[in-house]
Amino acid sequence: MLSRLTHDVDQVKIEVLQKGIIMRGHFCVFYCMEFMGCHLSASNSYSPTFKFKCQQFDKCRSALPGVILCGNRKLRPDEFVWRRNESTQNVDFPPKLPKGKKKPYPIPFKQIKHAAKMERKLASKGIEKPLEPPKNGLLVPDLVPVAYEVFDAWKLLIKGLSQLLHVIPAYGCSECSEVHVAQTGHSILDCEGRTSSTRHSSHAWVRGNVNDILVPIESYHLFDPFGKRIMHDTRFEYDRIPAVVELCIQAGVDIPEYPSRRRTNPIRMVGRRVLDRGGHLEEPKPLRTAEFSSVIDFDTYRACERFPPPPLSDVPKIAQETIDAYQTVRKGVRKLMKKYTVKACGYCSEVHVGPWGHNAKLCGSFKHQWRDGKHGWQDATLDEVLPPNYVWHVRDTNGPPIKAALKRYYGKAPAVVEVCVQAGARIPAEYKPLMRLDIVIPDTDEAGMIA
């Protein structure tokens with residue numbers, strides 16, 4: 001419903017709903033009022049979002065009906081505002097990005113150009129760039145507990161998956177990245193491996209492990225993210241750890257094996273040039289214990305061998321704790337990435353946690369010859385740091401395997417969610433539309449008669 005309000009100075013167009021619109025922390029409530037003159041004024045109980053040169057209302061009585069005034073205020077506990085409740089039953093699968101094309105920018109390119117233009121404008125005048133934590137090298141105190149929460153949930157996630165995979169079988173294709181969680185592998189002919197043509201696109205199934213379920217995305221660990229950049233010749237001087245762990249370390253988690261510099265004075269920059277980074281501090285030697293227990297806890301390498309099979313009575317409890325830890329990790333990483341910079345290559349799966357990407361020439365994806373093997377760095381997304389790794393959802397683990405002729409009736413879910421659900425965990429509400437639980441799977445003969 002649209003209403004046009006004419007003012008002596010200019011014209012303001014207000015688009016409103018008949019019953020209410022929810023804004024950030026406020027409810028925008030609309031009331032139809034009538035006024036005597038051509039000027040408006042707000043009531044004392046509201047904080048109007050528009051200021052007018054106006055006269056006072058005469059108890060909202062006038063001969064001009066149908067004028068709408070917009071007031072922005074918080075709702076009282078006893079008030080109720082109607083809003084449209086749209087529930088989605090089924091959604092389309094996330095599209096697969098083509099390998100012979102660059103990934104889209106997560107931030108519109110116009111905004112990137114505008115920010116770079118303003119940065120060059122300030123640099124030409126010699127004005128320092130205004131930096132706030134953590135862009136200036138300082139920690140954000142409010143995000144330190146979030147980093148520890150993500151780090152603890154990450155270790156619990158690896159432990160839970162390692163125990164569940166002793167009970168829930170999972171298979172991975174030895175030629176491509178396809179994963180299937182069931183008693184046997186599926187028969188859908190969609191293998192994209194190098195030798196798939198000789199197998200008519202059928203998968204070569206082998207028993208899977210934690211790395212097949214939780215895709216390992218590693219990043220270089222930096223003692224000082226604002227220090228020297230990693231060059232191609234010096235890349236072996238740095239350890240590679242999971243990108244989630246490196247993000248937690250830079251956000252405030254202290255691990256003796258992987259020290260990190262904690263600044264007390266902010267960094268000063270003019271454009272892209274660093275004026276003062278607090279001097280060069282020699283990296284301390286990491287504390288290497290005899291057993292490396294703390295390092296092993298957050299690494300997925302041979303995790304199934306470290307944890308024994310759980311009792312069958314504890315499997316549902318472990319599954320629920322694991323899926324809760326997975327959601328905690330995703331939620332916490334999303335919070336941290338809003339403040340801390342994470343870069344991802346626009347052509348391959350390389351991720352770097354820090355203000356600038358590294359200079360190692362390891363990209364072998366689309367047209368890497370034109371870039372001399374260098375990565376095309378851009379802002380990373382959550383799915384690039386923590387890939388969901390979607391797999392086919394199997395409703396009945398004891399039933400027949402899924403068939404290629406009925407694949408449009410099957411749903412998908414992240415591999416971690418699928419393992420936990422088959423082990424007895426509750427299905428999270430955000431994954432139900434993707435799993436297509438309300439679709440009745442027909443028989444093979446019936447599928448041809450469905451429009």
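No experiment lies behind these values; they were computed from the predicted model shown. One-based numbering along the sequence shown. Hydrogens, waters and symmetry mates play no part in the numbers below; they use all other heavy atoms, side chains included.
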Per side-chain contact (heavy atoms from CB on, under 4.5 Å), Ile249 is matched among Val244, Ile241, Leu222 by Ile241
Any ion pair linking Asp297 and Arg306 (charged N to carboxylate O, less than 4.0 Å)? no
Looking only at side chains, do Glu175 and His203 share a donor and an acceptor under 3.5 Å apart? no
How long is the span from the NE2 atom in His186 to the OH atom in Tyr410, to the nearest 0.5 Å? 11.0 Å
Parallel, tilted or perpendicular, judged at 30° and 60°: which one describes the rings of Trp377 and His358? perpendicular
Rounding to 0.5 Å, atoms CG (Asp383) and CD1 (Ile217) come to a distance of 11.0 Å
Using side-chain heavy atoms (C-beta onward) and a distance below 4.5 Å, is Leu386 in contact with Val329? yes
Answer yes if the ring centres of Phe298 and Phe151 are under 6.0 angstrom apart, and no otherwise. yes
Between the OG1 atom in Thr341 and the CG atom in Asp379, the distance rounded to the nearest 0.5 Å is 7.0 Å
Side chains of His375 and Glu350: donor-acceptor distance under 3.5 Å anywhere? no
In sequence, state the C-alpha distance, the side-chain angles, and the governing distance for Glu119 and Lys129, and then conclude on side chain to side chain contact (heavy atoms under 4.5 Å, CB included). CA-CA 7 Å; Glu119 182 178 334; Lys129 186 191 302 184; 3.3 Å; yes
What distance do Leu189 atom CG and His200 atom NE2 have between them, rounded to the nearest 0.5 Å? 9.5 Å
Residue pair Val245 / Ile255, side-chain heavy-atom distance below 4.5 Å: yes
Please determine if Lys102 forms a cation-pi arrangement with Tyr105, meaning its NZ or CZ atom is less than 6.0 Å from the six-membered ring centre and no more than 45° off the ring axis. yes
In Å and rounded to the nearest 0.5 Å, what is the CG to OG distance from Asp224 to Ser260? 8.0 Å
Between Lys335 and Asp142, is there a salt bridge with N-O shorter than 4.0 Å? no
One should read off an interatomic distance between Asn265 CG and Arg263 CZ, to the nearest 0.5 angstrom, of 9.5 Å
Taking the basic N atoms (NZ, or NE/NH1/NH2) and the acidic carboxylate oxygens, is any pair closer than 4.0 Å for Glu418 and Lys412? no
Within the structure provided, determine whether Pro242 and Thr300 are in side-chain contact (heavy-atom separation under 4.5 Å). no
Matching residue for Leu161 among Leu156, Val416, Ile168 - test: side-chain contact (heavy atoms from CB on, under 4.5 Å): Val416
Is there side-chain contact between Leu214 and Asn389, with at least one heavy-atom pair below 4.5 Å? no
Are the side chain of Arg273 and the backbone of Val270 linked by a donor-acceptor contact shorter than 3.5 Å? no
Tyr220 and Tyr238 aromatic ring geometry - parallel, tilted or perpendicular at 30°/60° bounds: perpendicular
Does the ring of Phe226 carry Arg261 above it, NZ/CZ under 6.0 angstrom from centre and within 45° of its axis? no
So does Lys135 pair up with Glu132, basic N to acidic O under 4.0 Å? no
Please indicate whether Lys159 has more than 12 foreign heavy atoms, meaning atoms of other residues, nucleotides or ligands, lying under 6.0 Å from its NZ. no
